[in-house]
Amino acid sequence: MPRLVRGAGHFVMSNISSERVPAFDSHWLPWLLVLPQLLITLVFFIWPAAQAVWQSFLMEDAFGLSTEFVGLENYQLLFTDPGYYKTLWTTVIFSAGVTALSMGLSLTLAVMADQVVRGAQVYKTLLIWPYAVAPAIAGVLWLFMFHPTVGVLAYLLDQLGYEWNHFLNGDQAMLLVIIASAWKQISYNFLFFLAGLQAIPRSLHEAAAIDGAGPLRRFITITFPLLSPTTFFLLVINVVYAFFETFGVIHAVTQGGPGDATRTLVYNVYDDGFVGLDLGGSAAQSVVLMLLVGALTVVQFRYVERRVQY
Amino acid sequence: MVENRFWLNLISHGVLALGVLLVAFPIWIAFVASTYPAQALVTGTVPLWPGDQLLENFGRVLGTGSDSSVGVSVALMLFNSLVMALGIALGKIAISVLAAYAIVFFRFPLRMFCFWLIFMTLMLPVEVRIIPTFQVVADLGMLNSYTGLTLPLIASATATFLLRQFFMTVPPELAEAARVDGAGPIRFLIDILLPLSRTNLAALFVIMFIYGWNQYLWPLLITTSEDYYTVVMGIQRMLAVGDGEVAWNEVMPTTLLALLPPVGVVLMMQRLFVKGLIETEK
């Protein structure tokens with residue numbers, strides 16, 4: 001099982017040098033075959049990315065009439081802007097919340113599903129479907145339940161004497177987008193945790209049980225350490241998810257508000273560039289994000305190399 | 001196991017049942033809300049048991065009689081989503097099969113350079129290059145079109161890697177034998193390699209279909225005409241009614257319609273879905 005649970009990184013790194021004898025000989029056919037993929041990559045990925053880098057060195061005047069090369073000024077403005085650091089901090093809080101909530105719930109459920117004698121497959125079926133729900137749709141579902149005037153949960157909280165209005169309260173808005181984003185991600189984490197748990201040999205548990213270790217102790221001393229490669233992998237995946245794939249939740253549910261309470265980095269790029277039309281500033285933010293994704297990808301792939309050893 | 005597992009088992013089932021309920025609860029509420037007339041949902045207490053307006057509400061959002069803030073029917077948005085999801089899934093698979101085939105079964109100059117170039121797309125999601133990608137698509141005249149919704153998203157490092165990995169497990173002798181029997185490279189691809197990879201292709205299709213259906217930012221950027229709204233992105237317009245009342249009895253049926261196709265695919269093709277998820281692993 002652990003050999004299955006392993007990503008692109010491993011075979012990219014390990015097979016890169018294993019040359020095989022070419023099956024067919026043609027000078028033009030292979031080019032023709034890779035051409036569609038290459039064209040789309042160049043036109044819609046590499047070229048826009050290069051443009052973002054170039055635009056981050058340019059600045060438009062207030063009327064958008066002329067553009068001049070300003071070097072690193074956009075970056076200077078960005079890194080001296082307290083608002084940007086606030087956005088960064090909001091993103092960190094948001095990501096930490098989504099990751100902790102989603103992974104915590106998934107791990108609990110996966111441990112339970114690994115333990116039951118019968119029915120694990122049924123639970124699996126009943127728990128994996130939210131993966132297919134779009135983040136924005138997840139956001140709308142939870143928005144409805146927490147809506148201050150019509151929501152079931154808001155009503156319930158109100159009965160308990162707690163006033164819920166995420167349209168006014170920034171912390172509550174943050175909690176709402178965290179819950180909605182984490183809910184969708186439970187499936188993914190559950191599947192990988194369960195696969196990781198099932199890869200741990202039963203005999204280890206039995207030996208520890210015979211030696212008198214209870215279920216909790218067995219979890220702490222055996223299961224959790226052996227699960228750490230899966231946990232670390234999921235940590236990276238969840239941070240990437242929270243950073244980049246939850247735009248729909250934020251945009252559909254809070255629009256970054258109230259105030260800037262749920263304004264994350266990606267929402268900020270969109271809002272500054274596409275709505276606010278600050279092209280240079282938005283481009284500089286894009287470049288910062290590219291470096292971030294690059295770093296996360298490298299972490300993910302380097303790690304995938306190592307995890308095969310266990 | 002040496003100990004009495006009765007209580008452990010009971011607790012496990014209890015926690016799992018709770019988890020299943022927690023995960024399913026939002027859907028139940030959405031379903032209930034879809035069965036009531038508009039005024040029942042604005043009075044403050046939301047019912048927990050379905051009413052009798054289910055068909056009326058679904059009929060209204062699917063038909064043209066919707067008075068929501070989006071000028072097109074949900075049926076059209078669902079159709080647009082379907083076109084986008086199928087276009088992206090099939091497009092990704094088609095060009096990735098070709099690219100992986102070239103990289104594994106041929107030798108050509110800059111082969112590895114091509115490979116790494118495709119690899120770069122992993123590091124460049126739409127979210128980090130919003131404006132320039134929009135500009136490229138605008139310059140190509142692809143705003144408000146199905147081409148614009150699909151084509152820019154069909155480059156796929158994930159699919160190319162997965163297929164490359166699979167193709168490398170195909171014994172070279174097979175290609176050798178095909179060649180001796182007089183089959184050219186295209187014939188080998190169509191008659192031998194593709195049938196061999198059909199499980200992998202199906203698993204990829206499931207994952208990519210969900211990916212395509214659930215796109216949000218991209219349709220938001222490049223559609224200004226409501227005729228090209230997808231349902232996942234269009235629903236946000238139904239919420240943005242300013243100070244007016246949101247028509248929850250229309251929003252909730254739309255939400256259910258938006259999540260049903262991808263969820264259905266996952267539940268019906270669970271085995272392929274899990275295989276695809278674990279092997280692509282993003």
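We use all heavy atoms of the structure for the numbers below, so side chains are in, but hydrogens, waters and symmetry mates are not. Throughout, protein chains are lettered first and strands after them, A, B, ... in sequence-line order, and every chain is numbered starting at 1.
- Without hydrogens or angle criteria, B:Asn214 side chain to A:Ala132 main chain gives a donor-acceptor distance under 3.5 Å.
- There is no contact between A:Trp54 and chain B, counting heavy-atom distances below 4.5 Å.
- A 4.5 Å side-chain heavy-atom check between B:Leu16 and A:Leu126 finds every atom pair outside the cut-off.
- Within the model, atoms CG of B:Leu217 and CZ of A:Phe244 stand 12.5 Å from one another, a figure rounded to the nearest 0.5 Å.
- Side-chain contact between A:Phe274 and B:Leu220: absent, with no pair of heavy atoms (C-beta onward) separated by less than 4.5 Å.
- At a threshold of 4.5 Å between non-hydrogen side-chain atoms, the residues A:Phe45 and B:Arg129 count as touching.
- For chain B, the nearby parts of A:Val43 are the backbone and the side chain; heavy atoms of each come within less than 4.5 Å.
- Put simply, of B:Met123, B:Gln215, B:Lys275, the one with the most heavy-atom pairs under 4.5 Å next to chain A is B:Met123.
- Under the 4.5 Å side-chain criterion, counting only non-hydrogen atoms from C-beta, A:Ile137 is not in contact with B:Tyr216.
- Within the 4.5 Å cutoff, the side chain of B:Met120 has no heavy atoms near those of the A:Thr41 side chain.
- Taking the side chain as every heavy atom from C-beta outward, B:Leu124 and A:Val293 never approach each other to under 4.5 Å.
- Proximity to chain A is limited to the side chain of B:Phe188, based on heavy atoms less than 4.5 angstrom apart.
- The shortest distance between side-chain heavy atoms of A:Phe44 and B:Leu140 falls below 4.5 Å.
- For a residue to count as touching a neighbouring chain, one of its non-hydrogen atoms must lie under 4.5 Å from one of that chain's; by this rule A:Trp142 touches chain B with the side chain only.
- Chain B forms more heavy-atom pairs under 4.5 Å with one residue of A:Lys184, A:Gln115, A:Lys124 than with any other, namely A:Gln115.
- Between B:Phe113 and A:Leu38 the shortest side-chain heavy-atom distance does not fall below 4.5 Å.
- In terms of heavy-atom pairs under 4.5 angstrom with chain A, the leader among B:Ala102, B:Pro261, B:Pro26, B:Ala100 is B:Pro26.
- When each of B:Thr254, B:Asn9, B:Leu256, B:Ile130 is checked for heavy-atom pairs under 4.5 Å with chain A, B:Asn9 comes out on top.
- Residues A:Arg118 and B:His13 come closest through the heavy atom pair O-CE1, 3.4 Å.
- B:Val263 touches chain A through backbone and side chain together, each having a heavy atom under 4.5 Å away.
- The distance from the CG atom of A:Leu141 to the CZ atom of B:Phe25 is 11.5 Å, given to the nearest 0.5 Å.
- Looking at B:Met233, neither its backbone nor its side chain comes within 4.5 Å of chain A, counting heavy atoms on both sides.
- For B:Ile210, the part lying near chain A is the side chain, with the backbone staying farther off; criterion is any non-hydrogen pair under 4.5 Å.
- For A:Gln37, the parts lying near chain B are the backbone and the side chain together; criterion is any non-hydrogen pair under 4.5 Å.
- Only the side chain of B:Leu267 comes within less than 4.5 Å of a heavy atom in chain A; its backbone stays farther off.
- Taking chain A as the reference chain and counting heavy-atom pairs below 4.5 Å, the highest number among B:Leu259, B:Ile103, B:Val231, B:Val265 is found for B:Leu259.
- Looking at B:Ala177, neither its backbone nor its side chain comes within 4.5 Å of chain A, counting heavy atoms on both sides.
- In this structure, the portion of B:Ile131 lying under 4.5 Å from any heavy atom of chain A is its side chain and not its backbone.
- The greatest number of non-hydrogen atom pairs below 4.5 Å with chain A, out of B:Ile235, B:Leu151, B:Leu260, is found for B:Leu151.
- Only the side chain of B:Gln270 comes within contact range of chain A, with heavy atoms under 4.5 Å apart.
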Mind running side chain to side chain contact (heavy atoms under 4.5 Å, CB included) on B:Phe108 and A:Leu29 for me, showing each step along the way? CA-CA 10 Å; B:Phe108 55 99; A:Leu29 188 60; over 6 Å; no
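- No part of A:Leu292 comes within reach of chain B, as not one of its non-hydrogen atoms sits under 4.5 angstrom from that chain.
- Looking at B:Leu18, neither its backbone nor its side chain comes within 4.5 Å of chain A, counting heavy atoms on both sides.
- Contacts between A:Leu279 and chain B at a heavy-atom distance below 4.5 Å involve the side chain alone, from C-beta outward.
- For B:Tyr211, no part lies under 4.5 angstrom from a heavy atom of chain A.
- If you measure heavy-atom distances from A:Leu191 to chain B, the contacts under 4.5 Å come from the side chain alone.
- In this structure, chain A has no heavy atom under 4.5 Å from any part of B:Val97.
- Among B:Ala157, B:Pro125, B:Ala258, B:Ser156, the residue with the largest count of heavy-atom pairs under 4.5 Å with chain A is B:Ser156.
- Only the side chain of A:Thr297 comes within less than 4.5 Å of a heavy atom of chain B; its backbone N, CA, C and O stay farther away.
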